[in-house]
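Heads up: the structure comes next, in structure tokens.
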Amino acid sequence: MDDTIVAISTALGEGAISIIRVSGNDAIRIVNSIFNGKDLNKVSSHTINYGYIVYKDEIIDEVLVSVMKAPKTYTKEDVIEINTHGSIAVVNKIMEILLLLGCRLAEPGEITKRAFLNGRIDLTEAEGVMDLINSETELSRKIAINEVSGKVSELIIDLRDKIVSLISNIEVNIDYPEYEDIEVVTIKRIKEEVKEMKVKLQEVLKLSLDGKILKDGIKTVILGKPNVGKSSLLNALLEEEKAIVTDVKGTTRDIVEGNIIVGGVKLNLIDTAGVRKSDDVVEKIGIEKSINLIKEAELVLLVLDSSENLTEEDIFLLDKTKDKKRIVIMNKVDLKGNNTYNEEVIKISAKNNIGIELIKDKIKQLFNVGTFMNKNLTLFTNARQISLLKSAISSLEDVEKGANENLEIDMIEIDLKLVWEKLGDIIGANYTEELVDNLFSRFCLGK
């Protein structure tokens, strides 16, 4: 990390401004050599300076240059940000000049990677930066900002400190085995503190699993027999004519997808082929896909026809989805009829846009959206973090079991150290080069 890197931090394309970010020991020297304005070597840190980028006596652009001197910067290195006019030609020309003068083009995520490697942020905060950039909903923004601000890291650091204190107690016990009362106190303390930690982490894990679904979007499958109004419901929820709607049964032969935001949470909607007995080869494939999607669904919107009694297909789908999180919807309430299904249902007319808001309210209730929206929750939201959290809980259970079975104190210490390491892996206290390279490669250029 001794070289100086450069990247475009704004999206390429026409706009009011673009930002070129330079980070490294030579950042100020290199930019100063092409800046016609104040001497950047002499200006105060964290100032914005007006001038021109000039190369070989040619004015390239009128710019504002932000100077941020180490160590109080994002990367803890000298950082320069050149605010140019948002022209692709201008940005490319300045980038070309900076590369000729000794900068290296940054790899995806390399600026944030330097922030991590230089101790400016930990791994969960770095992942929070990526989540914040990619956030599509108000909830995903709130979750990400908690990661970026270090609230998630604080929980882990606090737990690791408690474990270190326990390990220190055990070490005293090992060094002075003649004092039996020390061991009694140590075992008692381990049982109490490990139980408390386990309860806390299990609570965080449950919230994290729910939060991950809400952050990534709820995979929502719309099911029902043919011509029950599934495609009309999809169109009503999306507020656009995404799916073809006709009176002909079997019109939808493959899945149709769309996304909406409900109460700050994204729904990944999937309209499926109507489930019925069919001899049509293509339709049968679509029906098979519909049934298979039930396993993957995080929410099922099961549509029934209020103008008809339950059919064999309805009963099959009610049974098939009974263990899933679902909403049973009685469509076509504008038509005369008498469906005798008397479980909890939401009555709608997708065609006339009646009752659609009731479905959205029920979704928010089912997934406790209000709880997540109204509280600053500490939770983990990616597979890496959640996997390590589960592993740490498993090791805590081993510690608890060992203490209850009066295992040798040094054996209990081994499991405690495992918990400490697993928690450390979450925040990047222990990391491999391969893990870091893989994680930051998913970032966009310039961040």
Side-chain angles (χ1 to χ4, degrees), residues 218-260 262 267-360 362-363:
I218 303 167
K219 188 166 187 177
T220 307
V221 175
I222 303 174
L223 282 175
K225 65 187 180 186
N227 208 28
V228 77
K230 298 183 301 301
S231 297
S232 295
L233 175 59
L234 176 73
N235 291 340
L237 287 168
L238 294 176
E239 298 180 4
E240 63 172 291
E241 297 300 311
K242 182 88 172 184
I244 298 170
V245 177
T246 74
D247 293 330
V248 179
K249 293 184 178 182
T251 300
T252 304
R253 296 191 169 211
D254 204 349
I255 61 174
V256 180
E257 301 184 47
N259 298 318
I260 60 167
V262 174
L267 260 61
N268 302 318
L269 289 167
I270 304 171
D271 178 25
T272 60
V275 175
R276 66 169 177 172
K277 292 179 181 178
S278 174
D279 295 325
D280 186 293
V281 175
V282 177
E283 188 181 359
K284 282 173 75 174
I285 294 171
I287 292 167
E288 189 177 335
K289 281 185 179 181
S290 300
I291 295 169
N292 288 337
L293 278 169
I294 295 173
K295 297 175 187 175
E296 303 172 24
E298 289 152 347
L299 172 66
V300 172
L301 302 181
L302 179 53
V303 187
L304 305 177
D305 189 335
S306 68
S307 66
E308 299 177 358
N309 288 325
L310 290 182
T311 63
E312 183 183 339
E313 291 87 357
D314 292 328
I315 294 168
F316 170 77
L317 289 173
L318 283 165
D319 182 66
K320 196 78 175 173
T321 60
K322 64 183 178 183
D323 297 323
K324 300 292 295 187
K325 196 168 280 193
R326 77 178 181 188
I327 300 172
V328 180
I329 297 164
M330 197 72 75
N331 190 29
K332 303 184 183 181
V333 293
D334 51 315
L335 302 179
K336 291 181 180 180
N338 184 27
N339 190 315
T340 55
Y341 183 73
N342 56 10
E343 298 296 323
E344 183 184 1
V345 297
I346 292 179
K347 295 182 178 181
I348 71 163
S349 170
K351 182 180 178 181
N352 297 313
N353 205 33
I354 298 170
I356 303 303
E357 290 304 315
L358 295 175
I359 298 173
K360 294 178 181 180
K362 184 64 176 179
I363 291 169

Q.
List the residues meeting side-chain hydrogen bond (donor to acceptor under 3.5 Å, both in side chains) with K320, not counting sequence neighbours, and say none if there are none.
A. none

Q: Quick one: pull up CG in N331 and NZ in K347 and give me the separation to the nearest 0.5 Å.
A: 12.5 Å

Q | By side-chain hydrogen bond (donor to acceptor under 3.5 Å, both in side chains) - contacts of D314 (at least two apart) | A | K225, T311

Extract all donor-acceptor atom pairs below 3.5 Å that involve side chains of residues 351-359 and protein atoms in other chains or at least two apart in sequence.
{"unit_1": "N352", "atom_1": "ND2", "unit_2": "D334", "atom_2": "OD2", "d": "3.2"}
{"unit_1": "N352", "atom_1": "ND2", "unit_2": "S349", "atom_2": "OG", "d": "3.1"}

Q: First locate atom CZ of F316, then atom CG of L223, and finally report the distance between them rounded to the nearest 0.5 Å.
A: 9.5 Å

**Q.** Residues forming a salt bridge (Lys or Arg N to Asp or Glu O under 4.0 Å) with E343, sequence neighbours excluded
**A.** none

Q: For D319, check salt bridge (Lys or Arg N to Asp or Glu O under 4.0 Å) against everything at least two apart and list the hits.
A: K322

**Q.** For the student: nearest non-hydrogen atoms of G229 and A350, plus distance
**A.** O-CB, 4.3 Å

Q.
I want to check something: taking the side chain as every heavy atom from C-beta on, are V333 and I348 in contact at a cut-off of under 4.5 Å?
A. no

Q: Calculate, to the nearest 0.5 Å, the distance between atoms CG and CG belonging to L301 and L237 respectively.
A: 7.0 Å

Q. How far apart are the closest heavy atoms of K230 and D271, and which atoms are they?
A. CB-OD1, 3.4 Å

Q) Under 4.5 Å between any side-chain heavy atoms of L269 and L238, yes or no? A) yes

(Q) My understanding is that only residues two or more places apart in sequence, or in another chain, count here; which of them pass side-chain hydrogen bond (donor to acceptor under 3.5 Å, both in side chains) with S307? (A) D305

(Q) My understanding is that only residues two or more places apart in sequence, or in another chain, count here; which of them pass side-chain contact (heavy atoms from CB on, under 4.5 Å) with E296? (A) K219, L293

Q.
Check this for me: does any side-chain nitrogen of one of E344 and K362 sit under 4.0 Å from a carboxylate oxygen of the other?
A. yes

Q.
Tell me if a side-chain donor or acceptor on S306 pairs with a main-chain N or O of K332 at a distance below 3.5 Å.
A. yes

Q: With the side chain counted from C-beta on, respond yes when V345 and I329 share a heavy-atom pair under 4.5 Å apart, and no when they do not.
A: no

Q | Partners meeting salt bridge (Lys or Arg N to Asp or Glu O under 4.0 Å) with K324 (sequence neighbours left out) | A | none

Q: Nearest 0.5 Å please: distance from the CG atom of L317 over to the CD atom of E312.
A: 11.0 Å

Q.
With side chain to side chain contact (heavy atoms under 4.5 Å, CB included) as the criterion, how do V328 and I346 come out once you've worked through the C-alpha distance, each side chain's angles and the decisive distance to 0.1 Å?
A. CA-CA 6 Å; V328 180; I346 292 179; over 6 Å; no

Q) Got a second to check how far T220's OG1 is from L299's CG, nearest 0.5 Å? A) 4.5 Å

Q | I222 and V303, any side-chain heavy atoms less than 4.5 Å apart | A | yes

Q. How long is the span from the CD1 atom in I315 to the CG atom in L310, to the nearest 0.5 Å?
A. 5.5 Å

Q) Is I327 close to L302 at the side-chain level, that is, under 4.5 Å between some pair of heavy atoms? A) no

